[in-house]
Each structure stands twice: as structure tokens, then as C-alpha cells.
Amino acid sequence: MVLQAQSRSRGIGGRVILHVDMDQFYAAVEERERPEFKEKPVVVGADPKDGRGRGVVSTCNYNARKYGVKSGMPITRAWKLCPDAIFLRPNYKLYIETSNRIMIILRQYPDKFEQWGLDEAFLDITSKVRNFEEAEKLAITIKREIHNKEKLTCSIGVGPNKLVAKIASDFKKPDGITVVRQNEAKEFLAPLSVRKLLWVGKKTERRLNEMGIKTVGDLANFDTQILKEKFGMMGSYYILAAQGIDNSEVVEKTAVKSVSRERTFEEDTSDIDMILETLNRLCREIHEELIEMKMLFKTVTIKIRYENFETHTHGKTLSFFTDDLQNLQKTSKELLEPYLVRQKNVRLIGVRTSNFASSSKQKTLL
DNA sequence: TCTGGGGTCCTAGGACCC
DNA sequence: TCTGGGGTCCTAGGACCC
């Protein structure tokens, strides 16, 4: 991921990168469609089912945040914090359509463009501007165009690399612009929690905290050898990141490498027929998508999660590429069956296909 | 706090080949 | 006859992103 594109460094002058991040994207799109929602707390995510629902909050608006609701939070907790909120199921079709139009707008501006999820993008505008002042003006122009055409706001970070631009875009939300030059980067990052760094998630944050590293400044001053030993390649990345250095390029995303579906049951179950029926349905959904993409798969991997959250994956690589539904269903059933033991209720099952070849090359590949 | 769904990449061990 | 080293592919698990 990050590390592969990492080795090349830029010549003198340096880069200018924008990170554009739509504000509370799903909730904002819903508010745009239903302006009366604007004054109320809106939570987009799973169905709370009067406090018995499963799943999490995808996005919520600022009115919901006042009650302590956050994305990623269990929907039952959000329901307890704010039972009067408007709880909406995500309307992905609408978000994807909106996202596609926004990405078309953004693509006009940079030399290099990289979409991140539905609502974020990196823009390398190095050759388009002479300095960071011009970059800030361009950011204003972009914000204005998105707002005129889509009636949505975004926050933009301007930085010398992707890491700093991304953290900067999060600095003044919503509807903000934050500019951080290379010579300001280290100072800008130093007081922030290590958690703000790209690729530092919950687990890594905890490990770093246990080593006495809480802020990016702490990380910058820590023994680099120990970090490398403890965190491997990522350790080397963290050391540079803490200095505000990130040489990864803005690159267009390449073709998808896997297609998967998974389902959490409404209640943990031991109903084998129901589980296998669900498995078949997931296979059908995957199959449809693969046909549309004109892709053949060679590897099938199933996933099972028991009621105690113990999770296993089990995969098999075939000796040939195929897009046959019966084969997918048969293979995933064979892979899953050893895990369907009577003593443990099942919470989730999933199927993933990977190891793709284009079906136009079907005849030549084995 | 009782933890979705769709992805990507890294790690580490093992098989297998030369 | 107790044992190298490099390369590639596969498998399972895990961390992270939105």
C-alpha cells in the first residue's frame, strides 16, 4: 500500500497536494434531499430497532454529534444517546451518483488524482500552482464549485504530501481550509495524537501509548531502531510521518482485486438451512457483479463469525479461472461446512472471490 | 459500547521447484 | 545420511481505510 510507492523522492521545489473531504457526506446528502432534516439530529446507519438493532452508525450530522453520537458507534448506543434522532438506512445509490458527479468536478484540477472512498480525494496540483497561496485560492475555487453544483460543503487540506494534506483537511471541519507548508509540517503535527496519522488505528495507538508515545511529537523523538524492530516496515513509515515526511504518490486506483459479500444475521443462529441459503444468496450477488465486470476468479474464501466474535477465514484456490455460479456455491459450501458445528451459534457469514483474470482472456489462461 | 460491510495490504509459515 | 538458498504461490489472520 503506502510503502510501495514510498521510495521515490521528489526533486527541489516539492509537491503541493490537496486532500478534499466531504463534510458528513451521507448525512449531508440526506439533508440536501430533505431540508427539514437539517434542524434535527440525523443518523445514517443500521436500523436501531428500538434498541435491539445490530450494526453501527455510518455517518451522522452535527446535531446528532451534540448528543455524543459518532460514526462507527453501535447503533444501539446511538439510539440510547439520542432516541429522537432521525435514523436512516444508507441510500448508497444516491451517494454513489452524487460522489461520481463530485469526482468529475475534482478531476478537472490536478495533474494526478486519487479517489479515496466515496467522499474523499487527493489532488496533486504541483504543476498547476506556483506556491501555497495559489493553492489556497484553488481550494476556494473547488469548494465554491462543489457548493454551487451540489449544495454540499467540504473541507480541504493543503500540504506538501498526502499525509499532511489529509490531517490538515480534518483540522477545520466543516467547510474549512487548512494550509500547512513543508517547513511547518513537523510543528503542525507534533501536538496531535498519534491516532491522527495514517495507518495508526486503534491497536497501533494502544501499542504506542504503552511505549509512552501519545503525540506525534513523542513519536518524532523516539528511538527509531526500537520502532523499526517493533513495527517492521510500518515502523519506518511512522518515523518519517512523525517528521511530516511522506513520499507516497497520488495514484489513480487500479482494478479491484477482490469482490465479497457478508451478512450479519439479525440473531445468532444455528439454523443450517438458513445459513446455507444465505451463503447461496451471497454467491449469487457476487456472481452478478463478476459477470458485469467481466471477471473470472480463481480463489474463493469464506468467512464465519461465531456469537463470541471468534472469526475464521478459509480459502481455496482452484486450478482454473471461472465465473460459474454453481462452482462458486459448491466451493463455498465445502469450505464453510467444517465450521458449522452444533455448539456454536453463527453471527456472520461471508464469501470473497479474488485472484482475478479478465474473462476476455479466458481461453488463454489456466 | 457489544461490536456493519466492502475493500487493501502486510506478515508469517509452509509447499514446492530449481 | 539429516541438510542451502532463492523464488513463487498459497493460506490464515490481522490491521487499517471509508
Side-chain angles (χ1 to χ4, degrees), chain A residues 1-6 19 21-22 24-26 43-48 51-59 68-81 89-90 92 95-96 99 114-122 162-163 166 169-170 195-208 230-238 248 251 253-268 282 285-286 289 298-319 335 339 347-356:
Chain A
M1 45 177 181
V2 249
L3 304 166
Q4 294 175 338
Q6 186 86 317
H19 180 255
D21 189 354
M22 301 304 298
Q24 311 89 49
F25 186 54
Y26 297 176
V43 180
V44 182
D47 188 343
R52 299 185 318 278
R54 286 190 146 172
V56 299
V57 174
S58 291
T59 322
V69 179
K70 288 182 194 159
S71 36
M73 171 184 282
I75 200 72
T76 50
R77 183 157 158 71
W79 186 81
K80 278 173 199 146
L81 288 169
R89 246 48 65 230
Y92 290 108
Y95 310 150
I96 290 168
S99 169
E114 181 175 347
Q115 184 175 343
W116 261 49
L118 287 182
D119 67 330
E120 295 183 21
F122 290 100
K162 287 166 72 175
L163 170 79
K166 179 144 168 69
S169 73
D170 188 50
R195 185 59 207 272
K196 292 278 177 185
L197 293 175
L198 254 175
W199 318 119
V200 175
K202 214 173 180 175
K203 306 276 179 173
T204 306
E205 180 189 27
R206 202 172 61 211
R207 285 177 68 193
L208 288 169
K230 291 219 175 199
F231 296 95
M233 285 217 295
M234 289 314 288
S236 308
Y237 172 80
Y238 300 146
S248 65
V251 279
K253 283 274 172 285
T254 50
V256 294
K257 298 191 167 67
S258 67
V259 171
S260 65
R261 288 289 182 279
E262 61 184 57
R263 204 61 58 215
T264 297
F265 295 111
E266 290 193 10
E267 284 175 9
D268 301 333
L282 299 177
E285 289 178 24
I286 290 170
E289 190 170 333
K298 201 161 89 160
T299 303
V300 180
T301 308
I302 63 93
K303 174 171 169 180
I304 184 164
R305 174 170 290 153
Y306 297 115
E307 54 192 335
N308 63 356
F309 228 69
E310 175 189 331
T311 306
H312 298 276
T313 59
H314 186 40
K316 181 183 177 183
T317 298
L318 307 170
S319 57
L335 288 165
Y339 290 90
R347 180 186 178 90
L348 165 152
I349 58 163
V351 185
R352 179 161 54 95
T353 54
S354 57
N355 222 334
F356 290 150

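Chain letters run A, B, ... following the sequence lines, proteins first and then strands; every chain starts at 1.
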Problem set entry | Stepwise side-chain contact (heavy atoms from CB on, under 4.5 Å) check, A:F265 with A:E267 | CA-CA 5 Å; A:F265 295 111; A:E267 284 175 9; 5.9 Å; no
Please determine if a side-chain N or O atom of [X] lies less than 4.0 Å away from the OP1 or OP2 oxygen of [N].
| X | N | value |
| --- | --- | --- |
| A:S258 | B:dT8 | yes |
| A:T311 | C:dG13 | no |
| A:H312 | C:dG13 | yes |
| A:S260 | B:dG7 | yes |
| A:H314 | C:dT11 | no |
| A:K257 | B:dC9 | yes |
| A:S58 | C:dC18 | no |
| A:R207 | C:dA15 | no |
| A:R54 | B:dC2 | no |

Would you classify [X] as touching base, sugar-phosphate or nothing, given that sugar-phosphate means primed atoms plus P, OP1 and OP2, and contacts are heavy atoms under 4.0 Å?
| X | value |
| --- | --- |
| A:R261 | sugar-phosphate |
| A:K166 | sugar-phosphate |
| A:K80 | sugar-phosphate |
| A:T204 | sugar-phosphate |
| A:E289 | sugar-phosphate |
| A:R305 | sugar-phosphate |
| A:I75 | nothing |
| A:N355 | sugar-phosphate |

[X] has a side chain; which of [options] sits nearest to it?
| X | options | value |
| --- | --- | --- |
| A:K202 | B:dG4, B:dT1, C:dC17 | B:dT1 |
| A:T317 | C:dG13, B:dG6, C:dC10 | C:dC10 |
| A:P74 | B:dG5, B:dT3, C:dT11 | B:dT3 |

Exercise. Hey, are A:T59 and A:S71 close enough side-chain-wise for a donor-acceptor pair under 3.5 Å?
Worked result: no
Exercise. Can a donor-acceptor pair be found between the side chains of A:T311 and A:R305 at a distance below 3.5 Å?
Worked result: yes
Mind calculating the distance between [atom1] ([X]) and [atom2] ([N]) to the nearest angstrom?
| X | N | atom1 | atom2 | value |
| --- | --- | --- | --- | --- |
| A:W116 | B:dC9 | CH2 | P | 11 Å |
| A:Y306 | C:dG13 | OH | C1' | 15 Å |
| A:E262 | B:dG6 | CD | P | 6 Å |
| A:R195 | C:dC18 | CZ | P | 9 Å |
| A:H19 | C:dC17 | NE2 | P | 12 Å |
| A:R352 | C:dT11 | CZ | C1' | 11 Å |
| A:I304 | B:dG5 | CD1 | P | 14 Å |
| A:K203 | C:dG13 | NZ | P | 15 Å |

Exercise. Does the side chain of A:Y339 come within less than 4.5 Å of A:I349's, by heavy atoms?
Worked result: no
For this session: Report yes if the side chains of A:N355 and A:T317 come closer than 4.5 Å at any heavy-atom pair, otherwise no.
Result: yes
Exercise. Roughly how far apart, to the nearest Å, are C:dC17 and B:dC2 at atom C1'?
Worked result: 22 Å
Exercise. For A:R207 and A:K230, which heavy atoms make the closest approach, and how far apart are they?
Worked result: NH2-O, 2.9 Å
For this session: Determine if A:F309 stacks with B:dT3; use a centre-to-centre distance below 5.5 Å and an interplanar angle below 30° as the criteria.
Result: yes
For this session: Would you mind pulling out the nucleotide paired to C:dC18, Watson-Crick or G-U wobble, both distances under 3.5 Å?
Result: B:dG5
Problem set entry | Residue of the set A:E114, A:K162, A:E120 for which side-chain hydrogen bond (donor to acceptor under 3.5 Å, both in side chains) holds with A:H19 | A:E120
